[in-house]
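What follows is a set of notes on a single structure, which appears directly below.
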4 protein chains.
Amino acid sequence: MQLGIIGLGRMGGNIARRLMKNGHTTVVYDRAPQAVQALVAEGSIGAGDLADLVSKLTPPRAVWVMLPAGAITQGTIDQLSRLMSPGDVIIDGGNTNWKDDVRRGKELAAKGLDYVDVGTSGGVWGLERGYCMMIGGKPETITRLDPIFATLAPGIGNVPRTPGRDKHDPRAEQGYIHAGPCGAGHFVKMIHNGIEYGLMQAYAEGFDILRSAANEGRAEGEKFDFNMADIAEVWRRGSVVTSWLLDLTATALAADEELSEYSGFVEDSGEGRWTIEAAIDQAVPAEVLTAALYTRFRSRQEHTYAEKILSAMRKGFGGHVEPKNSVKA
Amino acid sequence: MQLGIIGLGRMGGNIARRLMKNGHTTVVYDRAPQAVQALVAEGSIGAGDLADLVSKLTPPRAVWVMLPAGAITQGTIDQLSRLMSPGDVIIDGGNTNWKDDVRRGKELAAKGLDYVDVGTSGGVWGLERGYCMMIGGKPETITRLDPIFATLAPGIGNVPRTPGRDKHDPRAEQGYIHAGPCGAGHFVKMIHNGIEYGLMQAYAEGFDILRSAANEGRAEGEKFDFNMADIAEVWRRGSVVTSWLLDLTATALAADEELSEYSGFVEDSGEGRWTIEAAIDQAVPAEVLTAALYTRFRSRQEHTYAEKILSAMRKGFGGHVEPKNSVKA
Amino acid sequence: MQLGIIGLGRMGGNIARRLMKNGHTTVVYDRAPQAVQALVAEGSIGAGDLADLVSKLTPPRAVWVMLPAGAITQGTIDQLSRLMSPGDVIIDGGNTNWKDDVRRGKELAAKGLDYVDVGTSGGVWGLERGYCMMIGGKPETITRLDPIFATLAPGIGNVPRTPGRDKHDPRAEQGYIHAGPCGAGHFVKMIHNGIEYGLMQAYAEGFDILRSAANEGRAEGEKFDFNMADIAEVWRRGSVVTSWLLDLTATALAADEELSEYSGFVEDSGEGRWTIEAAIDQAVPAEVLTAALYTRFRSRQEHTYAEKILSAMRKGFGGHVEPKNSVKA
Amino acid sequence: MQLGIIGLGRMGGNIARRLMKNGHTTVVYDRAPQAVQALVAEGSIGAGDLADLVSKLTPPRAVWVMLPAGAITQGTIDQLSRLMSPGDVIIDGGNTNWKDDVRRGKELAAKGLDYVDVGTSGGVWGLERGYCMMIGGKPETITRLDPIFATLAPGIGNVPRTPGRDKHDPRAEQGYIHAGPCGAGHFVKMIHNGIEYGLMQAYAEGFDILRSAANEGRAEGEKFDFNMADIAEVWRRGSVVTSWLLDLTATALAADEELSEYSGFVEDSGEGRWTIEAAIDQAVPAEVLTAALYTRFRSRQEHTYAEKILSAMRKGFGGHVEPKNSVKA
């Protein structure tokens, strides 16, 4: 079928490509003209602005917005909502906060427009592996767009089937679900990312302990000097901790056990934070997901004010003077 | 080659089977005669006691002890060490604390015996998938036993090769590594289990938040009512959180989203605790692995004394009286 | 000076009493007539409704609202804002979210009304000890109300002066501060409560470990059987952990070491949650304050869904079946 | 009474002074002769070595060892045990691990010597405020040494009595307790320090959030710019978070709100770590105490290997390249 796509970055561009490779028609727009040209060269219909894009689509239209969450996405949707007609649907495939989806869904419904939020996982691997999609919106709209989702999804592939799936929604094992009403898609994607943070931190701590293995008082020949690359590799087969994140870790460690290209400064995105806010709203203890987020906060500072407060107290009660050089070599 | 196996439970029995299926000879002993008989029926040579087992092996002997860690394993190894001869090797495949391995390695070396510690992952799936093994001991001993390890390991299977592995030890991608001297095998396995706890808890918290999704103030038709089974399933394909633990979760949820057969009481084993001790010994912050352990501690109590202390303080400063019924329905 | 007070519960009633005891005039209202009558018997001027209260005050009026945060407080302030005149001031002494203060300050300013937010600590002890107050609003308004704050505050008392305070604002050592513009008072109070949770949890965990002291393998006469009441008491003098919260704990433990009147169910209020939201907004790692909050969440459930997920995974990979009885006796 | 004191550092020297000021006789030794001379000038009897010290004491002797925990203390006690006679008592007032006390108590008992472990809190303030002491050992020995403990303890002072204390051991409100058999004193002191870490971290996080208060999108005149010194001060009077640690914080902040003399590098001592080991041994969840310890571990590194693992994964799945400059200015 036909899909308008706005935003042709890493994600949007590959979504267009995967759709075209499977016989769909795409009408594309990006504020960078060369991004549009590149896709046109691969078979897309290019648009010069939003109005042009809308005019090149046949009603009922479907436009997938794949832009940075926040003001940019909101502004684009606002503009689209003035250009599109009742019965058209706007799809937000970015990393929007689910509360914005709930609000937007209502606002657009008031204009007769449909709104669908799609949490999209797959990163740079999506073109090849397909995109895992968690979708929120009205059932009939999701059904109408099914050809798009079915194409973008990874499909059942060579992943073994889960016993007992026959009685459940078949879309899940194709790699996409209709999670619920507006906001539900991004909510599930948010939790996905929260879990991702926790999983990553679990591996990270484990490798850190391995690397720091204490050898104090051990004789030569009895010391531990673990090979990080081999450990990551061996766990990929037959162990309980096998995962795609471990595969990626094994790749990075096979290239350089020291990870010397990485500074240790770790960004976080909105979903990790919103996950904790949801946990707190719902009074769910989420120690691991929260600790994983805080580690990232801490990684971006040389020292916290909190740490200085500790040293000030220690001096106060014990006369302890901490070393002036701030960190270990 | 020939291997003595002591302890024919879930793990030991299947290890014998996997070896025999691949042409090795096994001499087996278990204090339960019927366990020995069962293996004999499948091709093993049975032994009536430890002395009998040792006498039925050709020097230099190799005996794999697959028993509960602690006193039972230690007692068995003590006995074996009196029955075996210089050049023989004792393999501990159980969940022993690596510090015991270090000590034992020295004690047995003093008697001319070799000692090898094998951290074995694979659980009930090992017979079919093979066992992921992390091995500690002297290089020449590990090399001599290689036919055993190569057979027990999962092999490269259909897991995609990690780019850049060619320059590394080929055993890792077969599913076993020589991690270092005595104790190194169980140290790496210990960290494996520590990570396992963290991964499990990350998923668990995520599903808990999904399940508790707040619907306060939401209109009918806008409420979230997530399908846990479909969410676990969809993440198995193309998402960042794909893992074997997720596969198992998807299986459990496909059978019963309520998980009503589980009480919520969660055991922990030594490795999770020892991982935290190692972290503390080495001054490595391990928030996530620790939080995962503490969750299990907490799951096994109705209320902690700590919680009563909190209520007592709250009454003291604010006159707050907590509800007498202890938990939410 | 003259102050209107709305809400004559534990806090509001005692605020009126402390003011009257020190020569101020109070005009009081509560929806429960007997609460008004009780204060009138002690010297207050009673009001029958908000309009009556406003009419009995001389402009420029000052009205202190001491009600449950949220809809009740908001509704009362909305009503007051229609009854009061430019130059009057509304004081919110409750546990309002600072974001509501910021909004309200602007809304009331548009009507010519002043707004002051006061975070008030002191609980049931305030009448006797005085109230520690953290105040947000315009400097000139805070100055005008100073007689009220100075009376309600604990004063310098017998707490030793902090060295070097002479160069700082003298109000702080009297027990009240002007923390900043609207919202600043409740922000500081919010953090105060966040810290309170952390402090409480630190003591609670310590006493829990003491009480659970492991005696495994210890001979009779070598076992630990700690006296909680004596330990709390001894730390009150000369130790580093001396505090008012410890005083309260010592009182509770002196009465009953078992704390058998407490179920272990622990409530939390908004401030603890908002503190974590502020930490996350500002990317400040706040492990301890968060863990303290999560403990309370957990205390109110028999088991979490998260724990069942763990058991389901454990059964999946290891065949582990957890005990069916959910908790230890 | 008469007491031998070995180790005349900050703690040992002041213990001698406080005893002499109250009429006790001290025989002192330190490997630094000038430390001995200084005490002799204040009235102590000096000793040239351990044998000399023992010879100058009248049986049954009591010797207080106040040295760094570990090898130095152990070596000194070993030497003393060869010089002393049945009925004599060795007191370890340092920061010894309680497990060493248990072992030592037995070893010394075999030689007819008594052993007493004293957890001593009070730091540099002990001379003036007295020392809070948690004591382990045999009841009759503790009773014999009571004059020493009663003198060193802070006494009831001007701290208000806890209601209901009359029916309890009167020593606790003097500031010392007999906690149980050998090891019990240091166990309670260990938990004291574990709690101390948690309390400190709670304040530290709170002040960190205050200092980082987000002002994004706030108009001039509406921004928060909290005064740390005033906030610490105001909480000292009438608030729930009043404590001695807060007093010390207020002092440090009154001198310099920036705490610019502190780097943020924070040491930890054994007790904090042992507390967590005890928690894990006893399966007590101790989230807050553990998080407080881990913060210190983290404060001493520029970046952890764990953080680099995170960045490597992020690059692997999302192509994310973290900023090369490692931390925020």
| Under a 4.5 Å heavy-atom cut-off, does chain D meet the side chain of K106(C), its backbone, both or neither? | side chain

| query | Rounded to the nearest 0.5 Å, how far apart are CD1 of I209(D) and CZ of F187(C)? | reply | 7.0 Å

| query | Does any N or O in the side chain of Q282(C) come within less than 3.5 Å of the main-chain N or O of S212(D), such that one atom is a donor and the other an acceptor? | reply | yes

| request: Tell me, with the steps shown, if R161(C) and D247(D) meet salt bridge (Lys or Arg N to Asp or Glu O under 4.0 Å). | output: CA-CA 9 Å; R161(C) 289 196 69 199; D247(D) 294 348; over 6 Å; no

| field | Residue selection (most heavy-atom pairs with chain C, distance under 4.5 Å) from Q201(D), E196(D), H168(D) | value | H168(D)

| query | Non-hydrogen atoms of chain C under 4.5 Å away: do they reach the side chain of K223(D), the backbone, both or neither? | reply | backbone

| request: Examine whether an atom of L248(C) lies under 4.5 Å from a heavy atom of chain D, and if so say whether it belongs to the side chain, the backbone or both; otherwise answer neither. | output: neither

| said: Out of P154(D), G221(D), A204(D), G198(D), return the one with the most heavy atom pairs under 4.5 angstrom to chain C. | reply: P154(D)

| What residue, out of T242(C), T290(C), V102(C), L289(C), has the most heavy-atom pairs lying under 4.5 Å from chain D? | L289(C)

| Which answer fits P285(C), side chain, backbone, both or neither, if we ask what part of it has an atom under 4.5 Å from a heavy atom of chain D? | backbone

| message | Out of the candidates V241(D), V240(D), I195(D), only one should pair with L199(C) under the side chain to side chain contact (heavy atoms under 4.5 Å, CB included) rule; please name it. | response | V241(D)

| query | Could you go step by step and tell me if E233(D) and R165(C) meet the side chain to side chain contact (heavy atoms under 4.5 Å, CB included) rule? | reply | CA-CA 9 Å; E233(D) 185 63 32; R165(C) 278 300 307 174; 3.3 Å; yes

| task | Identify which part of M133(D) has an atom lying under 4.5 Å from any heavy atom of chain C, answering side chain, backbone, both or neither. | result | backbone

| Which atoms form the tightest heavy-atom contact between F224(D) and C182(C), and what is the distance? | CE2-O, 3.8 Å

| Which bit of V288(D) comes within less than 4.5 Å of chain C, counting heavy atoms only: side chain, backbone, both or neither? | both

| message | Quick check on E140(C): does its CD atom have over 12 non-hydrogen neighbours (other residues, nucleotides or ligands) under 6.0 Å away? | response | yes

| said: Please find the pair of heavy atoms, one from A254(D) and one from P163(C), that lie closest to each other, and give the distance. | reply: CB-O, 3.8 Å

| field | Leading residue by heavy atom contact count with chain D [cutoff under 4.5 Å; candidates V159(C), L245(C), N193(C), T251(C)] | value | V159(C)

| message | Under a 4.5 Å cutoff for heavy-atom pairs, which residue among A291(C), G175(C), A286(C) has the most contacts with chain D? | response | A286(C)

| query | Which one, A153(C), A279(C), G194(C), G136(C), leads in non-hydrogen pairs under 4.5 Å with chain D? | reply | A279(C)

| message | Any heavy-atom pair between the side chains of E205(D) and E287(C) that's under 4.5 Å? | response | yes

| request: Show your working on side chain to side chain contact (heavy atoms under 4.5 Å, CB included) between E173(D) and R237(C) and close with a plain yes or no. | output: CA-CA 7 Å; E173(D) 57 185 1; R237(C) 287 180 181 79; 3.6 Å; yes

| request: Measure distances from A255(D) to the heavy atoms of chain C and classify the residue's part below 4.5 Å as side chain, backbone, both or neither. | output: backbone

| request: Please round to the nearest 0.5 Å and tell me the distance separating atom CZ of F226(D) and atom CE of M134(C). | output: 11.5 Å

| request: Measure the shortest side-chain to side-chain distance between C132(D) and W235(C) over non-hydrogen atoms and say whether it is less than 4.5 angstrom. | output: yes

| remark: Heaviest contributor of heavy-atom pairs below 4.5 Å to chain C, chosen from E216(D), K138(D), R129(D), is R129(D)

| query | For R211(C), is it the side chain, the backbone, both or neither that has a heavy atom under 4.5 Å from a heavy atom of chain D? | reply | neither

| query | Counting heavy-atom pairs under 4.5 Å to chain C, which of G164(D), A278(D), A229(D), G122(D) comes out on top? | reply | A229(D)

| task | Considering only heavy atoms and a distance below 4.5 Å, find which of I156(D), D208(D), L246(D), T295(D) pairs most often with chain C. | result | I156(D)

| request: First locate atom OG of S239(D), then atom NZ of K189(C), and finally report the distance between them rounded to the nearest 0.5 Å. | output: 9.0 Å

| field | Contacting region of W125(C) [heavy-atom separation from chain D under 4.5 Å] | value | neither

| chain D contact via T275(C) - which portion, at a heavy-atom distance below 4.5 Å | both

| What part of D281(C) gets closer than 4.5 Å to chain D, counting heavy atoms only: side chain, backbone, both or neither? | neither

| Over 12 non-hydrogen atoms of neighbours within 6.0 angstrom of CG in D225(D) | no

| Below 4.5 Å, heavy atoms only, C-beta onward: do V188(C) and L210(D) meet side chain to side chain? | yes

| request: Indicate yes or no for a side-chain donor-acceptor contact from R236(C) to the backbone of P160(D) under 3.5 Å, with no hydrogens or angles considered. | output: yes

| chain D contacts, top residue of Q174(C), M200(C), H192(C) (heavy-atom pairs, under 4.5 Å) | H192(C)

| task | Name the option with the most non-hydrogen atom pairs under 4.5 Å to chain C; the candidates are A232(D), G180(D), G157(D), G155(D). | result | G155(D)

| remark: From the list D230(C), N227(C), V234(C), side chain to side chain contact (heavy atoms under 4.5 Å, CB included) partner of D169(D) resolves to D230(C)

| said: Please classify the contact of P181(D) with chain C as side chain, backbone, both or neither, using a heavy-atom distance under 4.5 Å. | reply: both

| note | Bottom line for A213(D): the part with an atom under 4.5 Å from chain C's heavy atoms is both

| task | Give, for atom CD1 of I177(C) and atom CD1 of I231(D), the distance between the pair rounded to the nearest 0.5 Å. | result | 5.0 Å

